[in-house]
Amino acid sequence: MGGYTLIENAPLVTRNTLRVAARAKLLAEVRDAAKLPELLDFPAIRASRPFILGEGSNVLITGDIDRAVIAMDTRGVHVEQDGDVARIAVAAGERWDDFVRWTLGQGFAGLENLILIPGTVGAAPIQNIGAYGTEVAEFIESVEAWDLTERRVVTLDRSACTFAYRDSLFKHEPDRFIVTAVRFALPRSHTLRLDYAGIREELERMGVDKPAPFHVAEAVVHLRTRKLPDPAVIGNAGSFFKNPIVDAAQGEALKREHDQLVAWPGQDARWKLSAAWLIEAAGFKGMRDGDAGISNRHALVLVNHGKATGQELWAFAQRVIEGVQTRFGVRLEPEPMVIGTR
Ligand code: FAD
Ligand code: EPU
């Protein structure tokens, strides 16, 4: 009824995968995107720009949130055109992993390398989710959003979204757009991406020599399950730091000094460095201070061992940033949105 529900002083502990026990002064759960203009007119919501929350798998909440929080809980998957390329419009609140599995079941290709990434469809364009050699931007035709500045629905095509590695327009204008739906263009068949480390080996282990998209998805599920800690077991937000991009001269100098350095030289005279390698080499893997620490399974993953506060997690993350900066002269940037006082 009504298309949305308002909750005052709402607990967020089950709404962020780092399991931070913060509260929102006002939480609006939205089930009907058409009701957004009405909701946004409420004085308590108009007072300041709301924060949009999906599944909270890429946020660090460092304290109680004073402004309104809007959780998009809208559903719906519509195939608008089905030929060699299917056009599919998906509501922001759909779970990403459910959608990927549905596309594979329908025989649509493209998203197989992106299976098992937590979160909602509406959040996928925000940081241009990526894994195992694929970024979602490739398959996004357009993003539909409520523009809080212009107070109207806008459709942003792929080029307007300025997607890049873990980056998009939405990160540069963080409080402006509420993504309501994403429109994908998925091919019936395409060249599979098997080059990312571990995929071919995993397919071999599975005894698959002519892989279909669902085989690749299964290989990725195996790799991810082995490598990444499960938020249901230990609070985390996946990679907490982005892989830093440096110019080739700095990359080469670091490689000369540290021959084990893991880095991916790009075609554009820039290198991407493995932040996990830098963090592990700086001695932080498995380290903890109270309940805040770095996973002993993957050095990119900040973990909450139990009752760490958002401030404690942020303080630990800063220790890692300082440690890597001092040791290697490279400044790591957090990947998740850090919200609250910092
Ligand atoms: P939230 O965490 O709720 O929000 C993230 C950001 O998006 C916030 O800034 C929020 O304001 C904004 N936002 C969310 N929904 C909307 C909306 N409808 N409109 C406007 N803004 C919105 N990411 C990868 O790219 N690759 C990976 O391989 C990967 N692996 C992960 C593994 C684990 C175990 C975990 C916990 C996380 C991983 N992530 C990965 C990060 C995360 O899954 C993605 O960033 C995901 O897209 C976040 O979705 P969410 O719904 O949880 O967004
Ligand atoms: N490594 C270490 N120590 C570790 C873990 C990894 O040195 O503890 C080194 C290894 O040499 C390994 C290399 O880092 O070969 C790369 O590791 P991995 O394949 O796990 O990839 P990543 O660069 O650490 C990125 C994404 C992940 C994504 C994987 C797979 C970023 C910030 N992270 O991690 O995305 O799933 O590649 O494509 O780009 C996320 O964004 O939350 C996320 C999990």
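Heads up: numbering here begins at 1 and tracks the sequence. As a basis for the values below, the full set of heavy atoms in this structure was taken, side chains included, without hydrogen atoms, waters or symmetry mates. Order of listing sets the numbers, starting from 1, for every ligand and every atom in it.
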- Message: Does any N or O of ligand 2 fall below 3.5 Å from an N or O anywhere on K242, backbone included?
- Response: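 Between K242 and ligand 2 (N or O atoms, distance only) the closest approach is not under 3.5 Å.
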
- Heteroatom distance test (G133, ligand 2): nitrogen or oxygen, under 3.5 angstrom: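 No: no nitrogen or oxygen of G133 is under 3.5 Å from one in ligand 2.
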
- Message: Ring of Y165, cation from K272 - is the NZ or CZ under 6.0 Å from the centre and inside 45° of the axis?
- Response: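 Verdict for Y165: a cation-pi partner in K272.
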
Report yes if [X] has an N/O atom closer than 3.5 Å to an N/O atom of ligand 1; otherwise report no.
X    : result
E55  : yes
I178 : no
P231 : no
P118 : yes
T17  : no

Less than 4.0 Å from [atom], is there any heavy atom belonging to the protein?
atom                    : value
atom 31 (C) of ligand 2 : yes
atom 15 (O) of ligand 2 : no
atom 10 (C) of ligand 2 : no

[atom]: which of [options] has the nearest heavy atom?
atom                    : options                : value
atom 22 (P) of ligand 2 : L300, L114, V301       : L300
atom 4 (C) of ligand 2  : Q260, E333, E280       : E280
atom 44 (C) of ligand 2 : S239, S295, S274, A275 : S239
atom 28 (C) of ligand 2 : Q127, E335, E135, R166 : R166
atom 26 (N) of ligand 1 : G130, A131, A71        : G130

- Whether H258 side chain and Q260 backbone form a donor-acceptor pair below 3.5 Å: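 Checking the backbone N and O of Q260 against the side chain of H258, no donor-acceptor pair under 3.5 Å is found.
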
- Query: For F241, is the nearest heavy atom under 4.0 Å from an atom of ligand 2?
  - Reply: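 Contact present.
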
- Task: Please find out if less than 6.0 Å separates the ring center of F184 from that of F108.
- Result: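 No - the distance between ring centres of F184 and F108 does not fall below the 6.0 Å cut-off.
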
N/O donor-acceptor pairs under 3.5 Å from side chains in residues 197-213, not counting sequence neighbours:
from, atom 1, to, atom 2, distance (Å)
R200, NH2, D195, OD1, 2.7
E201, OE1, G198, N, 3.4
E202, OE1, R205, NH1, 2.9
E202, OE1, R226, NH1, 3.4
E202, OE1, R226, NH2, 2.7
E202, OE2, H222, ND1, 3.1

